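Here is how names work: the chains are called A, B, and so on, in the same order as the sequence lines, proteins then strands, and each is numbered from 1. In this text, all values refer to a predicted model and were calculated from it rather than measured experimentally.
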Number of protein chains: 2
Amino acid sequence: MKIKVKQNPEAPELIHFLEEALSKRAFIILVSCCRIEYRGRATSKLGLGDRTIVIKSDGSFLVHQDRNLEPVNWQPPNCKFKAIINNGKVYITGFRRNPHESLEVEINKTYLASYHVGTDSKTLQLAGYEEDMRELIFREPHLIEKGFRPTSREYAVTNGFIDVLGKDRNGNLVIIELKSRRAGINAVKQLKRYFDDFMDDKKFVRGILVAPSINEDALALLEKYQMEFKELEPPKEINHEEILTLDFFKK
Amino acid sequence: MKIKVKQNPEAPELIHFLEEALSKRAFIILVSCCRIEYRGRATSKLGLGDRTIVIKSDGSFLVHQDRNLEPVNWQPPNCKFKAIINNGKVYITGFRRNPHESLEVEINKTYLASYHVGTDSKTLQLAGYEEDMRELIFREPHLIEKGFRPTSREYAVTNGFIDVLGKDRNGNLVIIELKSRRAGINAVKQLKRYFDDFMDDKKFVRGILVAPSINEDALALLEKYQMEFKELEPPKEINHEEILTLDFFKK
DNA sequence: TTCTATATCTCGCCT
DNA sequence: AGGCGAGGTATAGAA
């Protein structure tokens with residue numbers, strides 16, 4: 001892998017470095033003392049301070065302070081960059097349309113500048129979602145209860161989509177709302193809305209909220225609405241086959 | 001600012017570098033070819049590839065691929081780190097309780113390692129939120145309509161909280177739902193639920209959705225429910241006084 | 001600590 | 001491209 005590193009570059013050297021890196025669509029890292037302004041979906045200003053600036057090859061733009069997981073300022077992928085020098089200071093601007101927004105970094109001092117073009121064709125394999133729960137239920141319906149038969153997934157109703165629709169051993173319609181995490185009041189309200197859609201049609205229906213756990217208020221509300229809770233952990237095994245993305249074959 | 005940089009360190013050198021950096025609670029950046037495993041709220045695996053790894057002084061842990069704004073793997077602040085060497089490879093593990101989860105990076109090659117302790121006492125000044133809209137409406141109620149008088153904010157009802165409650169020039173109750181961005185169907189449904197809460201009490205009420213814009217479907221639904229739309233941009237001026245965080249005075 | 005609501009949410013998927 | 005739902009969402013604020 002090619003990587004280029006400079007410590008304490010002066011402005012003219014930095015701008016040359018950035019132009020080179022941007023033209024190569026490299027992954028850029030700067031550790032700089034800077035000021036930041038954002039204008040677009042909102043407006044923000046950040047005074048002078050030491051931050052880590054990252055520009056990715058897909059046009060993502062991130063500015064990190066030394067605390068918090070989230071960047072303090074950013075632009076999503078496909079943003080266009082301009083690096084200029086003015087009064088001895090380097091300015092990097094990233095702008096996008098749709099929405100129309102721009103992020104400007106005024107760099108007063110740079111401690112470290114690096115850029116590289118790496119190789120990474122791997123896609124994350126992830127398990128433990130609602131989607132995995134839905135598959136599990138179709139594979140092993142008895143986990144809901146004996147005699148349960150799932151009929152459709154993502155069933156469209158007035159108020160949205162029902163996660164799983166099925167019938168119980170007595171032929172009653174069963175509406176299932178899945179949550180991969182501890183369920184709260186909102187999950188109950190969501191299920192209630194689907195439930196009401198079917199009540200309008202005057203059918204025999206049951207509403208079951210399926211989640212690894214539920215909080216007290218939510219359980220109380222569920223009982224008030226005469227609906228049910230079923231505890232189920234999302235499966236967390238992952239398929240061990242390695243997945244290659246299309247990007248890999250393009251290279 | 002102090003910054004320490006190493007290019008292409010071998011495993012023993014890297015582990016020493018990391019131990020030093022971790023003990024100083026520094027901001028660490030690595031550009032490495034690595035494998036990643038996460039276990040906790042879900043489970044994930046990521047095969048060998050070049051990534052940028054960041055450890056912040058607050059215990060945030062980020063692994064970035066060369067695309068997407070979001071890190072491919074991460075740990076939120078206050079995570080504890082362990083760096084060990086095994087079979088000539090460096091392993092960095094970050095773990096947390098509540099929730100119980102861990103992120104392990106197996107490093108096969110490191111191109112760049114740096115750590116620094118910077119100075120950044122600045123807090124982001126941001127404008128353009130729902131909160132700003134609410135304040136604007138209380139300051140200048142005529143922006144909703146002539147004669148409008150706001151009475152309460154965050155008014156609690158069965159289905160949640162009404163953003164702004166007020167009365168119009170004829171004494172009718174007005175329920176306002178705020179959105180700082182283009183309003184969609186969900187915003188209308190939310191307003192409708194509050195609206196219905198009041199209809200039960202058989203009062204004279206109006207529901208107004210206030211947002212910078214609204215999409216076609218949402219507007220149609222709004223009209224079907226006999227509710228109204230009022231265009232209003234969230235204010236985006238920011239207070240120019242500089243704000244110092246408490247952290248600044250602690251130093 | 002737990003829960004709720006917001007976000008320049010991001011991201012993927014579907015129309 | 002716009003809309004909609006899910007997220008290991010993160011984060012701030014309140015209970």
Report which part of the nucleic acid [X] touches: base, sugar-phosphate, or nothing (heavy-atom distance under 4.0 Å, all strands).
X	result
B:Pro77	sugar-phosphate
A:Glu130	sugar-phosphate
B:Asn73	base
B:Ile185	sugar-phosphate
A:Phe161	nothing

Distance flag, aromatic centroids of A:Phe61 and A:Phe81, threshold under 6.0 Å: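 They qualify: ring centres under 6.0 Å apart.
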Taking atom [atom2] of [N] as reference, at what distance in whole Å does atom [atom1] of [X] sit?
X	N	atom1	atom2	value
B:Glu70	D:dT11	CD	P	10 Å
B:Asn68	C:dG12	CG	P	5 Å
B:Glu101	D:dG7	CD	C1'	13 Å
A:Asp217	D:dA15	CG	P	14 Å
B:Leu69	C:dC9	CG	P	12 Å
A:Leu124	C:dT10	CG	C1'	15 Å
A:Lys179	D:dT9	NZ	P	11 Å
B:Glu131	C:dT8	CD	C1'	17 Å

Has [X] got a side-chain N or O lying under 4.0 Å from the OP1 or OP2 atom of [N]?
X	N	answer
B:Arg182	D:dG3	yes
B:Trp74	D:dA10	yes
A:Asn186	C:dC3	no
A:Arg41	C:dT10	yes

Give a yes or no on whether a salt bridge exists between A:Arg134 and A:Asp163, defined as a side-chain N under 4.0 angstrom from a carboxylate O.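 Yes, this pair counts.
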Pair A:Glu228 + A:Arg206: basic N to acidic O under 4.0 Å: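 Salt bridge flag = yes for A:Arg206 with A:Glu228.
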Earlier contact from the 5' end, DNA chain C, for B:Gly128 and A:Gly184: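 Checking each residue's closest nucleotide, the 5'-ward one belongs to A:Gly184.
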5′-ward residue of the pair B:Val72/B:Lys189 relative to DNA chain D: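 Closer to the 5' end of DNA chain D: B:Lys189.
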Stacking check B:Tyr129 vs C:dT6 (5.5 Å / 30 deg):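 The ring of B:Tyr129 is not stacked on C:dT6.
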C:dA7 versus C:dC11 - spacing of their C1' atoms, nearest Å: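 Approximately 14 Å lies between the C1' atom of C:dA7 and that of C:dC11.
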Closest to the A:Arg181 side chain: C:dT8, D:dC4, D:dT9?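 In terms of side-chain proximity for A:Arg181, the closest of C:dT8, D:dC4, D:dT9 is D:dT9.
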So which nucleotide from C:dT8, D:dT11, D:dA10 ends up closest to the side chain of A:Ala42?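 Per side-chain heavy atoms of A:Ala42, the pick is C:dT8.
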Straight-line distance of B:Ser32 OG to B:Ile107 CD1, nearest 0.5 Å: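 If I round to the nearest 0.5 Å, the distance is 4.5 Å.
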Relative to B:Phe95, does B:Lys80 satisfy both conditions: NZ or CZ under 6.0 angstrom from the six-membered ring centre, and within 45 degrees of the ring's axis?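 No, B:Lys80 and B:Phe95 do not form such a contact.
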Check whether the side chains of B:Tyr91 and B:Glu104 place a donor and an acceptor atom closer than 3.5 Å, and report yes or no.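 No, no side-chain donor-acceptor pair sits under 3.5 Å.
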base_contact_polar (C:dT1 base, B:Asn98 side chain, donor-acceptor, <3.5 Å):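 Under the 3.5 Å cut-off, the side chain and the base do not form any donor-acceptor pair.
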